[in-house]
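Working notes for the structure below.
The chains referred to below are lettered A, B, ... by the order of the sequence lines, with proteins before strands, and numbering in each begins at 1.
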2 protein chains.
Amino acid sequence: MITLKDLAATLGVSVSTVSKALKDSPEISKDTITRVKEIAKELNYRPNTLALSLKNRKTKTIGVIIPDILNTFFARILYGIEQESTALGYNIITCLSNETFEKENNSLHLLANGSVDGFIMSVSEETQSKGEVKHLKETINQDVPIVMFDRVANDVDCDKVIIDDFNAAFKATETLIKEGRKKIVLVNSLGELSVGKLRVLGYKKALEKHDSYTADPIVIEVDDDQELLNDQLEKIITEHKDMDGLLCIDNISGVMSVNIAQRLGRTIPNDLSVIGFSSNKISHLSYPPLSTVAQYAEEIGQESVKMLVERLENKTKGNTKTVTINYSIELRGTTLPVS
Amino acid sequence: MITLKDLAATLGVSVSTVSKALKDSPEISKDTITRVKEIAKELNYRPNTLALSLKNRKTKTIGVIIPDILNTFFARILYGIEQESTALGYNIITCLSNETFEKENNSLHLLANGSVDGFIMSVSEETQSKGEVKHLKETINQDVPIVMFDRVANDVDCDKVIIDDFNAAFKATETLIKEGRKKIVLVNSLGELSVGKLRVLGYKKALEKHDSYTADPIVIEVDDDQELLNDQLEKIITEHKDMDGLLCIDNISGVMSVNIAQRLGRTIPNDLSVIGFSSNKISHLSYPPLSTVAQYAEEIGQESVKMLVERLENKTKGNTKTVTINYSIELRGTTLPVS
DNA sequence: CTGAAAGCGCTAACAA
DNA sequence: TTGTTAGCGCTTTCAG
């Protein structure tokens with residue numbers, strides 16, 4: 001690694017002269033500036049970020065904690081985070097909590113000591129179900145800001161970026177009701193997650209609101225595991241012969257259901273209308289392609305970065321905000337065409 | 001942020017005493033050690049990693065450059081990288097090149113100045129098609145080692161972790177031939193990527209090798225885009241009425257093909273046998289579930305970390321290795337059952 | 001047993 | 001216009 005000292009030595013000037021010359025300081029003569037820059041280029045000098053960070057007490061680095069990178073939704077958010085960070089001149093250190101409290105806690109401690117200027121994170125499933133928040137509050141108290149996205153801890157006061165899961169499910173359910181569906185089932189593989197609960201509530205609320213809909217809500221808990229899920233969905237579709245609407249609130253059960261239902265002889269969307277929460281990519285793995293609640297995952301990532309950087313660079317204290325990112329209902333082929 | 005200085009001040013001792021006490025130095029009295037540790041815990045002291053890195057001239061951080069995080073294969077590799085890094089006490093800084101040379105190059109420059117001890121990366125599509133290697137060689141010459149995985153630059157001398165794509169495709173094709181298939185088509189959406197080319201070669205080689213197989217190889221280039229792909233696959237399946245074997249060398253065209261073929265009235269696997277290169281997760285999105293060439297993506301990530309850390313900690317110079325990670329053919333429902 | 005001092009690479013106030 | 005110095009947080013000789 002080539003340092004200022006090296007440049008100074010080869011030129012026979014002092015380190016500070018070199019430092020200033022490289023930043024076009026008016027203190028330094030044109031001549032030296034060009035000489036310094038030349039040799040810097042020649043020796044391929046790169047300032048040591050570490051030293052800079054230590055000096056400036058900021059790292060231009062964001063710690064990102066993702067619960068599950070194999071989940072497309074989170075992968076897309078990471079994509080958005082990376083894009084926006086790069087655009088704003090920040091690097092990201094990515095940690096995966098794998099849905100455990102322990103890893104989440106470790107990452108926070110490991111990085112909240114000057115390694116990063118702030119965090120962007122979604123809390124792990126374990127953290128959420130246990131209701132742990134101490135580690136989060138501690139970090140914030142140490143003046144390392146956190147922006148939470150998607151899965152947020154309600155009793156932690158920090159910036160948040162969420163989706164209006166309640167309304168998304170509400171609207172999706174309404175779409176089915178307006179098609180005249182009489183038995184709409186909700187399939188839930190999200191377990192204890194807050195987003196899952198919100199979606200279930202939205203579904204129930206929609207059913208309640210519409211007098212034309214008379215059946216009781218049917219919420220079926222299924223597994224997260226693909227193979228189990230396949231069987232469970234098949235069972236649901238077989239047993240509920242009169243089911244004519246299906247709301248799948250995770251990424252994959254929608255397409256799976258469509259494929260299974262067709263195999264079992266149901267005609268989609270005529271017999272059965274299906275709406276999922278799948279990503280665009282997944283939704284084309286069935287035919288007809290799955291109608292979905294589209295979540296602007298990339299935007300969630302981008303917005304999170306914006307909020308964090310805003311706080312970091314303007315030293316905003318307090319006044320935390322919660323931003324709700326839009327969703328949209330994308331009707332493709334598994335719902336009736338709208339005229 | 002609380003520093004050694006702070007601890008020293010509150011205890012009325014010197015910084016160096018505190019530093020030594022925290023590492024249980026025999027120079028320091030038992031008494032002071034306990035007092036120091038107590039206060040350190042109380043004030044929640046965390047050593048500043050930046051300062052340590054600057055001092056030690058190593059960061060215990062690995063730069064990871066991923067071409068496309070939305071690609072499940074890469075997401076799984078990242079998962080493996082993160083797991084193993086954590087296990088070995090390293091952090092990762094993740095950069096996404098989005099398949100561009102520019103971002104890849106930037107990331108390399110940005111971090112190869114002391115921010116990371118080494119890199120783990122897969123070269124971007126653009127880098128590969130342009131045959132750019134200068135930035136890679138430069139980094140290595142600056143004594144920042146690189147481990148490349150999956151998509152590697154052949155003319156760069158560094159550690160590599162690859163899959164035997166040629167043989168994987170060869171074996172998959174053989175599986176179809178041994179089922180007695182007479183017209184096996186290969187669908188390629190991988191464009192110019194080296195892995196794609198290798199898979200095509202493996203396919204061709206297998207066809208050649210078996211005298212029982214008499215048809216010419218049929219390689220059909222398709223798009224990467226989901227919607228286009230859907231139409232293109234439909235067209236292929238419609239036009240090649242006598243196709244009885246299909247090898248899909250990317251992550252999704254396999255499941256798509258199965259779903260489309262069934263909709264078009266083909267019986268799978270009797271009429272048509274399909275093998276894909278999909279991840280386990282995706283392969284269950286068709287019914288029957290897709291038979292695949294399973295790639296141990298997590299293992300690729302883990303192995304890459306092991307190789308890099310080995311080089312970093314043992315200061316291995318030269319003697320670069322290439323490790324080939326296993327694949328396995330996982331026969332599920334889209335190929336004939338083996339007796 | 002404890003502390004002072006130098007140094008990792010860099011910047012910036014101050015001197016020359 | 002250039003150089004000296006101190007300091008970011010830490011470790012590590014070397015003195016006390």
Item to check | Glu99(A) with Arg151(A): basic N within carboxylate O range, under 4.0 Å | outcome: yes

Item to check | Rounded interatomic separation in angstrom, taking NZ from Lys58(B) and C1' from dC10(D) | outcome: 15 Å

Item to check | Rounded interatomic separation in angstrom, taking CZ from Arg57(B) and C1' from dT12(D) | outcome: 15 Å

Item to check | Test item: Ser107(A) side-chain N/O and Asn105(A) main-chain N/O as donor-acceptor pair under 3.5 Å | outcome: no

Checklist entry - Quick one: side chain to side chain donor-acceptor pair (under 3.5 Å) pairs with a partner in residues 87-96 of chain B, sequence neighbours left out? => result Thr94(A)-Thr94(B), Tyr90(B)-Glu313(B)

Checklist entry - Is the backbone N or O of Val152(B) less than 3.5 Å from a side-chain atom of Lys160(B), with the two atoms forming a donor-acceptor pair by type? => result no

Next on the checklist: Looking at Thr3(B), is its backbone amide N or carbonyl O close enough to the side chain of Asp6(B) to form a donor-acceptor pair, meaning the two atoms are under 3.5 Å apart?
Outcome noted: yes

Next on the checklist: Expressed as a whole number of angstroms, how long is the span from Lys30(B):NZ to dC1(C):C1'?
Outcome noted: 12 Å

Checklist entry - In whole angstroms, how far is the C1' atom of dA15(D) from the CD atom of Glu27(B)? => result 12 Å

Checklist outcome for this item: Taken to the nearest whole Å, CZ/Arg35(A) to P/dT1(D) is 14 Å

Checklist entry - In whole angstroms, how far is the C1' atom of dT2(C) from the CG atom of Asp31(B)? => result 13 Å

Next on the checklist: Under a 3.5 Å distance rule, please check whether Asp117(B) uses its side chain to pair with a backbone N or O of Ile62(B) as donor and acceptor.
Outcome noted: no

Checklist outcome for this item: Of Thr3(A) and Ile33(B), the one whose nearest nucleotide on DNA chain C sits closer to the 5' end is Ile33(B)

Checklist entry - Stepwise, does the side-chain hydrogen bond (donor to acceptor under 3.5 Å, both in side chains) test hold for Gln83(A) with Glu298(A)? => result CA-CA 9 Å; Gln83(A) 273 197 318; Glu298(A) 289 82 354; over 6 Å; no

Next on the checklist: Nearest whole Å is fine: how far is dA4(C) P from Leu4(B) CG?
Outcome noted: 15 Å

Item to check | DNA chain C contacts among residues 8-21 of chain B, heavy-atom distance under 4.0 Å | outcome: Val13(B), Ser14(B), Ser16(B), Thr17(B), Lys20(B)

Checklist entry - In whole Å, what is the span from the NZ atom of Lys23(A) to the C1' atom of dG9(C)? => result 12 Å

Checklist entry - Can you tell me if the side-chain N/O atoms of Lys5(B) get under 4.0 Å from OP1 or OP2 in dC8(D)? => result yes

Checklist entry - Can you list, by residue number, the residues of residues 43-56 of chain A that have a non-hydrogen atom closer than 4.0 angstrom to DNA chain C? => result Tyr45(A), Pro47(A), Asn48(A), Ala51(A), Leu52(A), Lys55(A)

Checklist entry - Would a distance-only check, ignoring hydrogens and angles, find a side-chain to backbone donor-acceptor pair under 3.5 Å from Ser97(B) to Ser124(B)? => result no

Item to check | Residues Thr127(A) and Glu104(A): side-chain donor-acceptor under 3.5 angstrom | outcome: yes

